[in-house]
Amino acid sequence: MMGIEMKKVALLATALAMVTTGSAFAADMAVKAKKAPPVAAFDPWDIAFGGALVSDYIFRGVTQSNHQPSVAAYFEPRYNVTKDLQLYAGVSAESISFANRAAAEVDVYGGIRPTFGAFAFDFGIWGYLYPGGSCADNVLTGGVPGGNVCAVSTTTIFLADGNVMKKNVSFFEGYAKLNYTINDNWAVGVNEYYSPNFLNSGAWGNYASVTAKYTAPSTVFGPSGVGMYVSGEFGRQWFGTSDAFYGTGAGTVFANGIPYKDYNTWNVGIGFTYKVFTLDLRYSDTDLNKGDCNAFTSAFNATGTTNVTPINPSGAGSNWCGAAGIAKLSFDLTAMTNLK
């Protein structure tokens with residue numbers, strides 16, 4: 001009987017061991033066979049968009065809004081061929097204040113952004129459109145400069161400061177940019193823009209600049225989520241000679257066009273970021289004097305008679321190219337990052 005009982009116990013133990021081992025093995029198999037989480041499919045399409053309110057719309061050191069506030073918005077579809085190659089096109093609009101009373105500035109642009117490690121390139125074409133303008137003439141027909149240059153029309157604008165401006169000042173530029181990221185905090189860049197007909201004046205334009213940006217560590221304001229940066233730019237704008245529309249009057253050395261004055265421009269500022277918002281506070285200036293600034297901008301509110309230069313015989317002066325402080329509040333989003 002003892003032998004039979006021992007055999008039963010042995011058989012029971014063996015069966016229990018087999019069950020336990022099988023269960024453990026099954027559990028182990030379940031862990032090993034667990035599927036990896038699905039990899040998100042690469043979606044090459046994205047859209048960037050945003051808007052801004054700025055105290056003064058400054059473009060290369062020159063106000064486009066008569067030192068008044070301006071609003072802006074943009075919309076930019078993007079296609080990422082790879083993680084290092086992006087195609088893009090976009091449209092933006094800004095409120096302006098020109099002598100021809102154009103309704104606004106509408107920009108259309110497109111290009112390609114290849115990236116090689118720390119080097120980010122950007123090549124494209126930018127069109128500046130100014131719809132709704134009217135021809136602006138000198139109130140003294142035949143005066144200096146210009147005068148009697150607009151076709152007879154009930155929409156002609158007459159400027160009391162002696163300036164003139166075409167109805168259509170739209171133009172385009174080709175550009176190339178390079179940004180080099182040194183580390184998490186520092187980045188530098190170079191930019192080049194060229195137009196064969198700047199502001200439809202007949203004069204070619206070439207602008208080149210260097211930039212630098214310092215981005216503070218994300219912990220600079222603790223866990224608040226507020227970021228900070230300091231950035232600056234130094235650039236130079238070169239020009240050719242305008243067509244006869246902007247000539248300085250019959251019998252003068254520049255009757256057939258003005259050789260616009262080349263100039264330097266610079267800006268420096270500090271910015272604060274929070275989520276999709278940026279507050280940028282900036283100082284901008286140029287080395288253009290008031291007379292040469294007036295000849296270039298055709299400002300509708302130039303004053304005085306003492307700012308005489310070879311290309312500005314009327315002596316009227318404009319402050320559109322002088323020192324300016326700029327405050328800009330903007331928001332920027334991308335569909336893939338902010339709208340998921």
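Of all the heavy atoms in Trp186 and Asn183, the pair that sits closest is N-OD1, 2.8 Å.
Asn191 and Ser209 share a side-chain donor-acceptor pair at under 3.5 Å. Between Tyr130 and Asn100, the side chains place no donor N or O within less than 3.5 Å of an acceptor N or O (distance only, hydrogens not considered). Counting only N and O atoms by type, the side chains of Gln68 and Tyr57 include no donor and acceptor under 3.5 Å apart. A donor-acceptor contact under 3.5 angstrom links the side chains of Thr63 and Asp56, judged on distance only. Side chains of Asn80 and Trp45: a donor-acceptor N/O pair is absent below 3.5 angstrom, by distance only. Asn294 and Asn307 form no side-chain donor-acceptor contact under 3.5 Å, judged by distance and modelled atom types alone. Judged by distance alone, the side chains of Tyr207 and Glu173 never bring a donor and an acceptor atom under 3.5 Å apart. Side chain to side chain, Thr286 and Arg60 fail the donor-acceptor criterion of an N or O pair below 3.5 Å. Using modelled atom types, one finds no donor on one side chain facing an acceptor on the other under 3.5 Å when comparing Ser70 with Glu94.
Within the 3.5 Å criterion, the main-chain N or O of Phe296 finds no donor-acceptor partner in the side chain of Asp292. A donor-acceptor contact shorter than 3.5 Å links the side chain of Tyr246 to the backbone of Lys166. Although no hydrogens or angles enter the test, the distance criterion places a donor-acceptor pair under 3.5 Å between the side chain of Asn200 and the main chain of Asn168. The closest donor-acceptor contact from the side chain of Ser55 to the backbone of Ala327 lies under 3.5 Å. With hydrogens and angles ignored, the 3.5 Å screen pairs no side-chain donor or acceptor of Ser318 with any backbone N or O of Ala299.
When each of Trp238, Phe239, Trp204, Phe254 is tested with Tyr260 by the rule ring pair (Phe, Tyr, Trp, His ring centres under 6.0 Å), just one qualifies, namely Phe239. Exactly one residue among Asp84, Asp122, Asp46 makes a salt bridge (charged side-chain N to carboxylate O under 4.0 Å, His left out) with Arg113. That residue is Asp122. None of Phe59, Phe98, Tyr175, Tyr193 except one satisfies the ring pair (Phe, Tyr, Trp, His ring centres under 6.0 Å) rule with Tyr128; the exception is Phe59.
Remark: Phe121 CZ to Leu178 CG distance equals 4.5 Å, nearest 0.5 Å. Of the inter-residue distances, the one linking Ile157 atom CD1 with Arg101 atom CZ reads 5.5 Å to the nearest 0.5 angstrom.
Phe300 and Trp320 have perpendicular rings, their planes meeting at more than 60° on a 0 to 90° scale where under 30° would count as parallel.
The cluster map of Ile, Leu, Val, Met, Phe, Trp and Tyr, joined by side-chain heavy atoms under 4.5 Å apart, puts Trp126 and Phe198 in the same cluster.
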